[in-house]
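One structure is given below, encoded as structure tokens.
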Amino acid sequence: MTATVASHRKPRQHPLAALTGGGSRSARTARTAATLALAGAATATATGFEGTAQAAHRPTPAQVKDRVDALHQEAEVATQNYNGAKESADTAREELSRLQDEAARRTRKLNAARTELGTLAASQYRSGGVDPAVRLLLSADPQRYLDGAAVLERTGSHQATAVAGYARRLGSVRQVRQRAEETVERLADTEAKLKKHRVTVVHKLGAAEELLHRLTAEQRQRMAARDGARSGPGQDRTGHGAGRGDGPLDGIPGGAGGVAAAQAPSPRAARAVAFAYSALGKPYVWGATGPSAYDCSGLTQAAWKAGGVALPRTTYTQISSGPRVNRSQLAPGDLVFFYSGISHVGLYVGNGQMIHAPHPGAPVRIAPIDQMPFAAATRPA
């Protein structure tokens with residue numbers, strides 16, 4: 001009975017059996033086709049999702065530009081830190097060289113004083129003995145006597161003069177050598193900072209360049225064209241261009257227009273502006289101070305040097321190179337600073353315009369001062 005009932009039961013199939021086997025040949029063929037169709041649909045769906053995800057993560061040209069601008073600004077901050085560290089390192093090297101020369105000069109005088117003491121000792125020996133003070137000064141550790149004022153009390157007047165001279169020179173040599181050692185330590189610390197800032201600049205600029213390479217050539221050209229349009233009318237390398245009739249200065253090389261050169265508050269400022277116009281079109285190179293390329297503070301430093309004024313190297317120090325000026329009272333030659341960290345500077349040329357070195361890939365150009373967040377302005381003294 002049990003066996004009979006069992007023989008009439010159909011075996012229960014796995015839910016996937018209908019797709020993987022069993023039944024007639026035609027049924028199997030149909031099931032195979034269904035399996036392939038489902039697999040194809042799954043593949044197409046996965047590909048669609050992947051494509052959608054890639055499209056969602058691919059930045060638009062506007063997003064690329066915003067990020068590139070941010071990276072350039074971050075690189076500018078690091079560039080100013082690099083410039084400051086380089087200036088400190090150069091100063092330390094000059095000081096070290098001067099101290100080494102001074103130490104050598106004082107050592108020669110010390111040796112001369114020692115020779116004088118040796119002559120005095122020889123004379124005393126021939127006459128019957130050498131004063132203990134002189135013997136100790138000529139020993140391997142003369143500092144034992146130099147550390148105590150009792151030295152001079154143990155010698156005669158001539159000996160006292162010789163001993164005092166030797167003591168003075170020995171002390172001065174040691175002072176100079178101590179300052180030289182401190183300068184060496186400071187230089188090593190500054191050079192470590194210099195290397196750190198250099199790595200940061202290169203990293204930021206490399207990241208910006210990588211982002212730009214994700215755009216097509218046409219997109220990059222459109223972006224550059226928009227930047228050029230925001231920077232005002234085109235100028236050639238000498239500063240003459242389409243906007244010449246509306247330029248800020250007249251009678252100044254590179255300047256133009258119907259506005260008198262007297263707008264500049266001083267002849268020095270006028271010469272600084274003239275220099276800035278002559279630099280139009282030259283490339284931006286971080287850390288550069290001319291004459292073939294500039295960064296932002298390198299350009300303003302070089303411009304005011306042409307005007308006879310020595311500006312410090314960085315934006316952080318240039319902002320203190322003269323009295324502050326309200327934005328409404330700007331005059332040609334004033335330094336205009338941007339961003340809350342004072343990381344960018346340009347030279348004001350009038351009519352709300354400045355000449356500045358923007359960033360890699362953008363040459364020295366004229367631009368409106370409202371192109372970036374205005375921070376402060378200074379009129380170099």
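Quick caveat: nothing in here was measured; it's all calculated off a predicted structure.
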Quiz item: Do you know which two heavy atoms are closest between Leu330 and Ala377, and how far apart they sit?
Solution: CD2-CB, 3.4 Å
Self-check item: Minimal non-hydrogen separation, Ala302 against Tyr294, with atom names
Solution: CB-CE2, 3.6 Å
Quiz prompt | same_hphob_cluster(Val184, Val176) at 4.5 Å side-chain heavy-atom cutoff | solution = no
Quiz item: With no hydrogens and no angle check, is any side-chain donor or acceptor of Thr200 less than 3.5 Å from a backbone partner on Lys196?
Solution: yes
Identify every side-chain donor-acceptor pair in residues 335-347 under 3.5 Å, counting partners at least two apart or on other chains, and give the distances.
{"residue": "Ser343", "atom": "OG", "partner": "Gln73", "partner atom": "NE2", "Å": "2.7"}
{"residue": "His344", "atom": "ND1", "partner": "Glu76", "partner atom": "OE1", "Å": "3.1"}
{"residue": "His344", "atom": "NE2", "partner": "His356", "partner atom": "ND1", "Å": "2.9"}

Quiz item: Got a sec: does the CD of Glu210 have more than 12 other heavy atoms crowding it under 6.0 Å?
Solution: no
Quiz item: Can you tell if the side chain of Lys204 reaches within under 4.5 Å of the side chain of Val77, non-hydrogen atoms only?
Solution: no
Practice problem: Could you tell me whether the side chain of Arg324 reaches within less than 4.5 Å of the side chain of Ile319, counting heavy atoms only? | Solution: yes
Quiz item: Which residue, Lys86, Arg198, Arg93, forms the salt bridge (Lys or Arg N to Asp or Glu O under 4.0 Å) with Glu191?
Solution: Arg93
Quiz item: Can you tell me how far the CG atom of Leu96 sits from the CG atom of Leu187, to the nearest 0.5 Å?
Solution: 7.0 Å
Quiz item: Transitively linked via ILVMFWY side-chain contacts under 4.5 Å: Tyr284 with Val68?
Solution: no
Quiz item: Can you tell if the side chain of His197 reaches within under 4.5 Å of the side chain of Thr79, non-hydrogen atoms only?
Solution: no
Quiz prompt | Nearest heavy atoms of Ala357 and Cys296, plus distance in Å | solution = O-CB, 3.6 Å
Quiz item: In Å, rounded to the nearest 0.5 Å, how long is the span from CD of Gln263 to CG of Asn351?
Solution: 6.5 Å
Quiz item: Is there a side chain to side chain contact (heavy atoms under 4.5 Å, CB included) between Gln219 and Val64 once you walk through the steps?
Solution: CA-CA 10 Å; Gln219 287 172 329; Val64 168; over 6 Å; no
Quiz item: Between the side chain of Asp69 and the main-chain N/O of Asp66, is any donor-acceptor distance below 3.5 Å?
Solution: no
Quiz item: Atom CZ of Arg174 and atom CD of Glu181: how far apart are they, to the nearest 0.5 Å?
Solution: 11.5 Å
Quiz item: Do Gln318 and Thr378 have side-chain atoms, one donor and one acceptor, less than 3.5 Å apart?
Solution: no
Self-check item: Where Pro312 and Ser321 come nearest, the two heavy atoms and their spacing
Solution: CD-CB, 4.3 Å
Quiz item: Does any non-hydrogen side-chain atom of Arg105 lie less than 4.5 Å from one of Glu102?
Solution: yes
Practice problem: State plainly whether one hydrophobic cluster holds both Val349 and Val309, where clusters connect Ile, Leu, Val, Met, Phe, Trp and Tyr through side-chain heavy atoms under 4.5 angstrom apart. | Solution: yes
Quiz prompt | Exercise: do Ser88 and Arg186 side chains pair donor with acceptor under 3.5 Å | solution = no
Quiz item: Can you find a heavy atom in the side chain of Leu299 that is under 4.5 Å from one in the side chain of Lys282?
Solution: no
Quiz prompt | Candidate pair Arg379 and Ser266, rule side chain to side chain donor-acceptor pair (under 3.5 Å), full reasoning | solution = CA-CA 10 Å; Arg379 185 166 296 162; Ser266 69; over 6 Å; no
Quiz item: Looking only at heavy atoms, which two atoms of Gly352 and Tyr348 are closest? And how far apart?
Solution: N-OH, 2.9 Å
Exercise. Look only at the side chain of Asp295 and the backbone of Gly298, and say whether a donor-acceptor pair between them is shorter than 3.5 Å.
Key: yes
Quiz prompt | Under 3.5 Å donor-acceptor, Trp304 side chain and Arg268 backbone | solution = no
Quiz item: Between the main-chain N or O of Ser297 and the side-chain N or O of Thr300, is there a donor-acceptor pair closer than 3.5 Å?
Solution: yes
Practice problem: Could I get the full list of ring pair (Phe, Tyr, Trp, His ring centres under 6.0 Å) partners for Trp286, not counting sequence neighbours? | Solution: Tyr82
Exercise. Compare all side-chain heavy atoms of Thr289 with those of Arg313 and state whether any distance is below 4.5 angstrom.
Key: yes
Practice problem: Return the minimal non-hydrogen interatomic distance between Ala288 and Ala293, and the atom names on each side. | Solution: CB-O, 3.4 Å
Exercise. Give the intermediate values and the outcome of side chain to side chain contact (heavy atoms under 4.5 Å, CB included) for residues Gln329 and Asp334.
Key: CA-CA 10 Å; Gln329 297 175 330; Asp334 290 349; over 6 Å; no
Quiz item: So do Glu94 and Ser97 actually touch side chain to side chain, heavy atoms under 4.5 Å?
Solution: no
Quiz item: Under a single-linkage definition using a 4.5 Å side-chain heavy-atom cutoff for Ile, Leu, Val, Met, Phe, Trp and Tyr, are Val273 and Leu280 assigned to the same hydrophobic cluster?
Solution: yes
Exercise. Would you check if Tyr277 and Ile366 make a side-chain contact, meaning some heavy-atom pair closer than 4.5 Å?
Key: yes
Quiz item: Is Gln80 reaching over with its side chain to a backbone N or O of Thr314, donor-acceptor style, under 3.5 angstrom?
Solution: no
Quiz prompt | Straight-line distance of Gln371 CD to Gln353 CD, nearest 0.5 Å | solution = 9.0 Å
Quiz item: Rounded to the nearest 0.5 Å, what separation is found between the CG atom of Asp370 and the CZ atom of Arg327?
Solution: 6.0 Å
Quiz prompt | hydrophobic_cluster_shared for Leu205 and Val199, side chain cutoff 4.5 Å | solution = no
Practice problem: To the nearest 0.5 Å, tell me how far Arg365 CZ sits from Met354 CE. | Solution: 10.0 Å
